[in-house]
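Each remark here refers to the structure printed beneath this line.
Numbered from 1 within each chain, the chains take letters A, B, ... in sequence-line order.
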Amino acid sequence: MKTKHLFFFTLVLTLPLLYTMVGGELPGNHYTMAALATIVQFYSGARFYKGAWGAFKHRASNMDTLIAVGTSVAYFYSVYALIAGLHEVYFEISALLIMFILMGQWFEELTKGRASRAIEKLLDLQAKEATVIRNGKQVKLAVDQIKVGDIILVKPGEKIALDGEIIEGSSSIDESLVTGESIPVEKHPGSTVIGATINKTGSFTFKATKIGKDTLLSQIIELVERAQASRAPIQKFADKVSGYFVPIVLILAIITFDVWFLLLGASVLSALLFAVAVVVIACPCALGLATPTALMVGTGRGARLGILIKSGEVLEQARDIKYVMFDKTGTITEGKPVVTDIVGADKQMVAEVAASLEAASEHPLASAILEAAKEHEHAPKPVKDFKAIAGKGIIAKFNGKPALIGNRALLEDQKIKLTLNKEMSELEKQGKTVMAVAYGGKLIGLMAVQDCPKEGVLNAMEALKKMGLEPAMITGDNEHTARAIAKQVGIKRVVAEVLPSQKAEEVMSFKQRGKVAFVGDGINDAPALVEADLGIAMGSGTDIAIEAGGIVLVKNDIGDVVKALQLSRKTFSRIKLNLFWALFYNVAGIPIAAGVLSGIGLVLNPAIAGLAMAFSSVSVVTSSLLLNRSKI
Amino acid sequence: MTELIVLLGSLSSIALIIWWFFMKPDTEVVAATVNGNEQTVNIIVSGGYTPHKILLQKDIPAKLIFNRKDASSCLEEVILPDFGVQRKLPVNQDLTIEVKPDKAGRFTYSCGMHMFFGEVIVK
């Protein structure tokens, strides 16, 4: 019988016994009570006997041991009392205890089910089928029949089946359920799409690039599963306690009986009731549930926000982090330089000359300049006598006249006067790379390029500071550029001119001053992510760096670093709170049940002790569930 | 006289509890059966895990076949944290958990509430 049904069945049988507790009398009196209690003891309580016996054979003990022993003592004493013709029988205690414990187990099943639902929810996101275009025809196929390279048609409102790349058509896609990104994302040919996200507006076709276990969703599920199965080091303590817990409680119950009966001269019955209360109030389950349920809820909530916490250990590492180091490119900045300023009397002309010269160049800044020219609606024009001068710039003939784009050194070489010196210095002070543009032997303007900070970085840094953390930036850029960017986003600690291979060493030297979290893209930064006390890998698109980093962020949003650290801290403090409560409950509950406070009139009826026990584990699970509501 | 009997009874009960629960003899280690590039071991879940300690060979994929005989909710879940696995065990049915023992060492696993423990030894 299911716990819920068994509980209601038992409730019906125990209600008449409850009636006797408030002074009522049943027909047949003690014999009716005995009959009802016997059914409860051996039918409703059969599962406890089975569990206790199974454990006993292995010389182990568990919750069932305590319940079986506690209820048996109360029941068999009453049987003895009935046969011996004693006045007082306590059949209602054993029956009520079993009823309360079943109620607690039923509630616990309900709450635990809610705590562990994260994985099921993720699995439910998976699309079941998709429209595949094969041989020019549309066919509906189950997702597991789709191969890499298949072309899939997605209509508005449909779920995208797998990860892939858009071939034709555009749309906006709701990725919130997988990445946590709340605003729909615009997608065009060439954009990546993520399986299990929802197509909103347009129709499009895409080529499947990842199937089965390789899709982003499958990887997220695997990560969450692993995290929920992981153990937090703090659990070790509870594990140690639980091994000794039940036998120690049994010994304490015997001592309680002896103290009352032998030393304090109480009757067998009242000494026995104190001993039973000790056995049934103790709850090793609350201790056992404290860590895993909080871990489950915390990692589950993280998954919904696109924050994947990889193990329980990570939560402890996140607790006393002092520095949060960011890799600059791609994390703090867009990772792509853009033209920020065009200076000159004829800006259109500056953009046109610059773009035409850069069109043939392979310099990393060329694409930024071409992009800017596109915005000014200038297509690059053909140039003649193109010459790239390493470290200086480009010279060529544009419209038959000499033209150049480059730095101060190039102007000097070509004997062109730098008339905009003040403007150039000003832009350089802001950490921008400035190029002079000359045409017909004269300087006509300047173009400044910068890898700009991402939106929200400043807010994120402020939030980190409020949490008592110090943000730091590490980059291969020169000191000047690095400081200028750092200033814009509110970072004071900067480590500049670091080669990619030296990042891990820098992290190591920072670690001497305090615990370090390193935030990087997970691909180039893997050694630094591993070296740090806590590695936070930021993902983008369908690629998430599963291997590197203790925390993986599905979407490339720096605000999630703050959320990840907040969630880790909150989950860890919830684990501590749960463990404290579970310990406190037992440490305080057992002496009270033993009658330590009977001097001031505080005596627990064993049935009430059982009720407290049943709800102590429910309260721990509920406390873990509250993590879902905490503000992040 | 009654007092003396109660006292002796109590002391011997305490001694029995200590002996039975805390002075367990070391359990036998059962090695998995290796068949080509696969090793399997059956684990009965009833009041604990039998065998309590299993021996796996390193780098050979292993199938741990759990069969839960015990309906008690205490044992409904099994967690192998070092292998990243957490599963619900159906009653009276085999449930196979596949693991890759690529690191040598001793790895404990437990029930969902961390009350019952088993051990996987990888050599």
Side-chain angles (χ1 to χ4, degrees), chain A residues 3 46-48 50-65 105 108-109 112 116 119 222-223 225-232 235 238-239 242-248 250-251 254-255 257-258 261-262 268 271 284-293 296 311-312 617, chain B residues 2-25 27 44-52 68-88 91 97 99 107-118:
Chain A
T3 309
R47 53 166 68 188
F48 305 122
K50 270 189 214 158
W53 177 242
F56 185 78
K57 280 190 297 187
H58 289 84
R59 300 179 80 154
S61 53
N62 61 5
M63 203 61 228
D64 292 340
T65 313
Q105 283 193 347
E108 192 184 303
E109 278 172 22
K112 255 173 76 188
S116 62
I119 302 264
E222 200 197 316
L223 247 173
E225 238 167 1
R226 280 187 162 270
Q228 297 197 336
S230 75
R231 63 162 88 79
Q235 172 83 40
D239 284 359
S242 64
Y244 299 101
F245 194 94
V246 174
I248 287 177
L250 293 176
I251 292 171
I254 295 172
I255 295 172
F257 178 85
D258 286 353
F261 181 68
L262 299 176
V268 175
C285 282
L287 268 176
L289 288 168
T291 311
T293 52
M296 228 178 252
S311 69
S617 46
Chain B
T2 319
E3 278 86 353
L4 191 65
I5 293 170
V6 169
L7 188 65
L8 286 176
S10 302
L11 289 176
S12 46
S13 304
I14 291 172
L16 264 174
I17 291 171
I18 293 172
W19 170 72
W20 186 255
F21 292 112
F22 296 148
M23 295 162 82
K24 276 181 268 190
T27 49
I44 301 293
V45 183
S46 173
Y49 303 101
T50 317
H52 183 245
R68 177 177 157 218
K69 305 279 184 206
D70 189 332
S72 155
S73 66
C74 286
L75 284 155
E76 68 180 356
E77 229 176 12
V78 64
I79 306 180
L80 294 96
D82 300 286
F83 300 97
V85 180
Q86 176 172 28
R87 289 287 155 75
K88 276 212 165 153
V91 182
I97 292 177
V99 296
F107 308 100
T108 51
Y109 63 92
S110 69
C111 68
M113 292 185 196
H114 297 255
M115 293 285 293
F116 291 99
F117 294 89

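Contact record, Arg59(A) with Phe21(B): O-CD2, 3.6 Å, taken as the closest heavy-atom pair. The shortest non-hydrogen separation linking Met296(A) to Gln86(B) is CE-NE2, 3.3 Å.
Both the backbone and the side chain of Asn62(A) come within less than 4.5 Å of a heavy atom in chain B. Heavy-atom distances place the side chain of Phe257(A), and not its backbone, under 4.5 Å from chain B. Contacts between Leu7(B) and chain A at a heavy-atom distance below 4.5 Å involve backbone atoms as well as side-chain atoms. Contacts of Ser61(A) with chain B are made by both backbone and side-chain atoms, with heavy-atom separations under 4.5 Å. For Glu108(A), the part lying under 4.5 angstrom from a heavy atom of chain B is the side chain only. Using a 4.5 Å cut-off between heavy atoms, Pro292(A) touches chain B through its side chain atoms alone. If you measure heavy-atom distances from Ser110(B) to chain A, you find no contacts under 4.5 Å at all. Only the backbone of Phe83(B) comes within less than 4.5 Å of a heavy atom in chain A; its side chain stays farther off. Using a 4.5 Å cut-off between heavy atoms, Ile79(B) contacts chain A through its side chain alone, with no backbone atom that close.
In terms of heavy-atom pairs under 4.5 Å with chain A, the best-connected choice from Ile14(B), Leu75(B), Thr2(B), Thr50(B) is Ile14(B). Ranking Met23(B), Lys24(B), His52(B), Glu76(B) against chain A, the residue ahead of the rest is Lys24(B), based on heavy-atom pairs under 4.5 Å.
Remark: Phe245(A) engages no residue in a ring-ring contact (aromatic ring centres under 6.0 Å, His included) (not counting sequence neighbours).
Between Phe22(B) and Tyr244(A), the two ring planes are tilted [angle within 30° to 60°].
Residues Leu11(B) and Asp258(A) form no side-chain contact, since every pair of their non-hydrogen atoms from C-beta on lies 4.5 Å or further apart. For the pair Val6(B)/Val268(A), no side-chain contact is recorded, criterion being any heavy-atom separation below 4.5 Å from C-beta on.
Between the Trp20(B) side chain and the Phe56(A) main chain, a donor and an acceptor come within less than 3.5 Å of each other.
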